[in-house]
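None of these values were measured; they are calculated from a predicted model.
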Amino acid sequence: MKLTELNPSWLGHGGEGITNSITDEPIPYTHGAGISFDCPCGCEKKIAVTFNNPLDGERLSDRNAYWERSNDTFESLTLVPSILNRNIEDNSEHWHGFITNGEIITV
């Protein structure tokens, strides 16, 4: 399955009116700070992950993200490590897989 089949969208971070809760300093907008896409299992829920290396190249110093991004299009995106999506009601594994070169690989 291709990532492009799962309605992906880039997530932003910060921007107008957003401040650091500790320092109260404004947080500038970061484009491509993560990605959101439909769960590959077909449950109609969304999965969202944030990157250590956003599209605009600015590392986000005010938080730690877990995924490292390679490439900058949905058709070629690779994320490491794998994505483990858990059901929040019972903490069971919901979907586990990779995004590699724009392909969804379920494990």
Side-chain angles (χ1 to χ4, degrees):
M1 172 182 295
K2 296 193 176 297
L3 175 61
T4 54
E5 297 172 47
L6 299 175
N7 303 307
S9 61
W10 299 114
L11 299 175
H13 174 72
E16 186 175 338
I18 307 297
T19 59
N20 182 307
S21 62
I22 297 170
T23 66
D24 210 29
E25 294 176 7
I27 298 174
Y29 180 75
T30 300
H31 171 67
I35 187 174
S36 172
F37 57 97
D38 296 338
C39 186
C41 80
C43 69
E44 300 183 10
K45 293 184 180 184
K46 287 285 205 183
I47 294 175
V49 297
T50 55
F51 309 146
N52 279 320
N53 54 338
L55 286 177
D56 70 4
E58 294 290 323
R59 287 211 176 257
L60 302 175
S61 60
D62 64 323
R63 66 178 178 88
N64 291 320
Y66 192 66
W67 288 273
E68 199 70 26
R69 174 194 56 79
S70 299
N71 303 318
D72 58 3
T73 68
F74 297 134
E75 294 80 12
S76 63
L77 186 69
T78 295
L79 298 179
V80 291
S82 66
I83 299 165
L84 175 57
N85 189 29
R86 293 199 166 274
N87 183 328
I88 59 172
E89 284 101 29
D90 63 6
N91 201 35
S92 63
E93 185 176 307
H94 187 67
W95 176 78
H96 186 202
F98 291 89
I99 299 175
T100 305
N101 294 320
E103 294 285 331
I104 299 294
I105 302 165
T106 299
V107 295

Evaluate side-chain contact (heavy atoms from CB on, under 4.5 Å) for Leu79 paired with Glu68, printing each intermediate quantity in order. CA-CA 6 Å; Leu79 298 179; Glu68 199 70 26; over 6 Å; no
Begin from the C-alpha positions of Trp67 and Asn53 and carry the test side-chain contact (heavy atoms from CB on, under 4.5 Å) through to its verdict. CA-CA 8 Å; Trp67 288 273; Asn53 54 338; over 6 Å; no
Please determine whether side-chain contact (heavy atoms from CB on, under 4.5 Å) holds for the pair Asn52 and Tyr66, giving the CA-CA distance in whole Å, both sets of side-chain angles, and the decisive distance to 0.1 Å. CA-CA 6 Å; Asn52 279 320; Tyr66 192 66; 5.9 Å; no
Side chains of [X] and [Y]: closer than 4.5 Å at any heavy-atom pair?
| X | Y | result |
| --- | --- | --- |
| Glu25 | Thr19 | no |
| Glu103 | Lys2 | yes |
| Lys46 | Asp38 | yes |
| Trp10 | Pro54 | no |
| Val49 | Ile35 | yes |
| Asn71 | Asn101 | yes |
| Pro40 | Ile47 | yes |
| Arg86 | Leu84 | yes |

Gap separating the [atom1] atom of [X] from the [atom2] atom of [Y], nearest 0.5 angstrom:
| X | Y | atom1 | atom2 | value |
| --- | --- | --- | --- | --- |
| His13 | Thr50 | NE2 | OG1 | 9.0 Å |
| Glu16 | Tyr29 | CD | OH | 13.0 Å |
| Asn7 | Phe74 | CG | CZ | 10.0 Å |

Heavy-atom closest pair, residues Cys39 and Trp95: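 Closest approach of Cys39 to Trp95: SG-CB, 3.8 Å.
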Taking all atoms of both residues into account, what is the closest heavy-atom pair of His96 and Ile83, and its distance?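 For His96 and Ile83, the tightest heavy-atom pair comes out as CD2-O, 3.1 Å.
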Can you check side-chain contact (heavy atoms from CB on, under 4.5 Å) on His94 and Cys43, steps first, answer last? CA-CA 9 Å; His94 187 67; Cys43 69; 3.0 Å; yes
If the test is side chain to side chain contact (heavy atoms under 4.5 Å, CB included), which one of Thr100, Ile104, Thr73 qualifies with Leu3?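 Result: among Thr100, Ile104, Thr73, Ile104 is the only option passing the side chain to side chain contact (heavy atoms under 4.5 Å, CB included) with Leu3.
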Hydrophobic cluster (4.5 angstrom, side-chain heavy atoms) - remaining members for Val107: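 Members alongside Val107: Phe98, Ile105.
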